[in-house]
Amino acid sequence: MVTAVLDGLGVAVPDRIVTNDDFAARLDTTDEWIRERTGIAQRRMAAPSVATSDLAAEAARAACKQAGNDSPSAVVVATTTPDHPMPGVAPLVAAQLGWDAVPAFDVQAACSGFIYALASATGLIASGVTDRVLVVGADLMSRITNQDDRATAVLFGDGAGAVTLRAGEPDEFGAIGPFDLGSDGEHVGHLVVEAGGTRAPGPAPDAPERYLSMNGRDVYRHAVRRMTDSSTQLLERAGLTIGDIDRFVAHQANLRILMAVADHLGIPDERRVSNVDRYGNTSAASIPLALADAALRPGERILLTAFGSGFTWGSTLLTWPDLSTAPDATTHV
Ligand code: ACO
């Protein structure tokens with residue numbers, strides 16, 4: 001059986017750091033409140049001249065460099081903050097890389113987007129459509145967050161992460177799968193950007209409807225339940241138990257959510273990965289950013305799980321490949 005095998009990882013983050021104290025200086029909030037409720041200490045924010053495709057292309061270059069292979073491949077970009085409503089970001093990334101006539105498309109599954117993009121890429125490889133795919137998770141959440149709204153502004157950050165995938169065998173280091181994916185559109189109102197699509201087109205530039213609005217408590221509740229259930233179902237499908245999992249990388253929404261899911265699943269502290277303190281919630285970029293920071297060892301079996309607007313959720317397994325001789329994966333924009 002052919003599956004996708006990860007052979008490169010790269011991330012790109014903006015240089016500018018926004019601390020909790022930066023918010024506290026102009027909004028009715030404190031460093032203590034933000035840390036206690038979310039675990040976030042700082043996040044990155046892109047300069048106005050930078051678009052999602054710029055950060056995505058930087059991460060992609062770093063991933064190709066680490067793989068030691070920058071030959072053209074299919075491109076799948078997970079993003080909820082594209083450069084334009086049309087076209088998607090993936091063709092723009094392919095163009096920035098100088099890749100001509102490659103398959104390229106976006107996946108919009110909000111904070112679950114990276115898992116959905118991995119599933120799409122795995123399908124492209126398993127079905128023989130292509131034997132290499134570049135998967136990028138990239139979001140500039142600061143662009144859809146009202147920076148004057150203390151309830152949402154402090155939660156999100158900007159970033160991009162990319163992985164290169166090749167065709168391989170399920171028992172190789174780097175192998176990805178199986179997957180558990182799901183959605184429930186009944187809860188659209190709990191986490192939504194109301195305007196800018198076909199239901200409410202053309203908001204004024206500063207209308208509140210063009211920014212993300214969120215019912216924090218309901219998002220929290222659903223996120224914990226769905227990531228827990230999805231991880232459990234995935235393990236059943238794979239014929240594994242929590243004892244078989246070496247590292248747990250959940251979408252970095254909020255430390256309390258991560259800890260609650262890990263507690264429900266019975267994952268010991270030392271197997272939990274978190275860098276939400278430094279990046280906040282970077283949506284589709286959060287899982288590759290966490291992988292890049294996790295100091296993973298070849299052969300470790302990693303459980304990935306995510307939840308986001310939609311609601312959407314998804315989980316998969318990844319056996320960490322031997323990337324130790326490859327150059328540093330992080331670039332700054
Ligand atoms: N600073 C100070 N006070 C604040 C802030 C802030 N930054 N934000 C909200 N508050 C206030 C609220 O206005 C409220 O005040 P009130 O009681 O006078 O009305 C009070 O704090 C308590 O608000 P709650 O919403 O009850 O606080 P809670 O303990 O639920 O924490 C939080 C809020 C952190 C948003 C939490 O609900 C949460 O983590 N939800 C999940 C949100 C999330 O992760 N979203 C990301 C997108 S989805 C995803 O990625 C999974």
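This is a predicted model, so every value here is computed, not measured. Counting starts at 1 for both ligands and their atoms, in listed order. Worth knowing before you read on, the calculation uses all heavy atoms, side chains too, and leaves out hydrogens, waters and symmetry mates.
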Self-check item: Under-4.0 Å heavy-atom contact with ligand 1, by part of F156 that carries it
Solution: side chain
Practice problem: Please work out whether any backbone atom (N, CA, C, O) or any side-chain heavy atom from C-beta onward of T29 is under 4.0 Å from ligand 1, and answer side chain, backbone, both or neither. | Solution: both
Going by the closest heavy atom to [atom], which one wins out of [options]?
atom	options	answer
atom 33 (C) of ligand 1	W33, W313, F311, Y220	W33
atom 28 (P) of ligand 1	E32, R37, R221	R37
atom 46 (C) of ligand 1	I40, I257, N281	N281

Taking atom [atom1] of [X] and atom [atom2] of [Y], what is their separation to the nearest 0.5 Å?
X	Y	atom1	atom2	answer
L9	D7	CG	CG	11.0 Å
L212	N146	CG	CG	10.0 Å
F307	S183	CZ	OG	10.5 Å
H187	R221	NE2	CZ	8.0 Å

Self-check item: Heavy-atom side-chain proximity of L291 to L318 below 4.5 angstrom
Solution: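 Counting from C-beta outward, L291 and L318 do come under 4.5 Å.
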Quiz item: CZ of R297: more than 12 outside heavy atoms within 6.0 angstrom?
Solution: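 Open.
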Honestly curious: do [X] and [Y] fall in one hydrophobic cluster under the side-chain, below-4.5 Å linking rule?
X	Y	answer
L317	F114	no
L255	F156	yes
L140	L191	no

Atoms of ligand 1, numbered as shown, that sit under 4.0 Å from any heavy atom of [X]:
X	answer
A253	44 (O), 49 (C), 50 (O), 51 (C)
M214	35 (C), 42 (C), 43 (C), 45 (N)
L191	47 (C), 48 (S)
D28	1 (N), 2 (C)

Practice problem: Say whether D83 and S53, considering side chains only, have a donor N or O and an acceptor N or O under 3.5 Å apart. | Solution: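 Short answer, yes.
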Self-check item: Proximity flag A151 to ligand 1, non-hydrogen atoms under 4.0 Å
Solution: yes
What's the shortest distance from [atom] to any protein heavy atom, and which residue and atom give it?
atom	result
atom 41 (C) of ligand 1	G216 O, 3.4 Å
atom 14 (C) of ligand 1	R150 NH2, 4.6 Å
atom 38 (C) of ligand 1	N254 ND2, 3.6 Å
atom 31 (O) of ligand 1	R256 NH2, 3.6 Å

Quiz item: Would you call the rings of H222 and F311 parallel, tilted or perpendicular, where under 30° means parallel and over 60° means perpendicular?
Solution: tilted
Quiz prompt | Backbone or side-chain N or O of H251 under 3.5 Å from ligand 1 N or O | solution = yes
Quiz item: When only distance counts, is R217 in polar contact with ligand 1, meaning an N/O pair under 3.5 Å?
Solution: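 Yes.
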Exercise. Report the C-alpha distance between T19 and D22 in whole Å, list the side-chain angles of each, state the deciding distance to 0.1 Å, and finish with yes or no for side-chain hydrogen bond (donor to acceptor under 3.5 Å, both in side chains).
Key: CA-CA 5 Å; T19 65; D22 292 333; 3.2 Å; yes
Is any heavy atom of the protein nearer than 4.0 Å to [atom]?
atom	result
atom 5 (C) of ligand 1	yes
atom 18 (O) of ligand 1	no
atom 50 (O) of ligand 1	yes

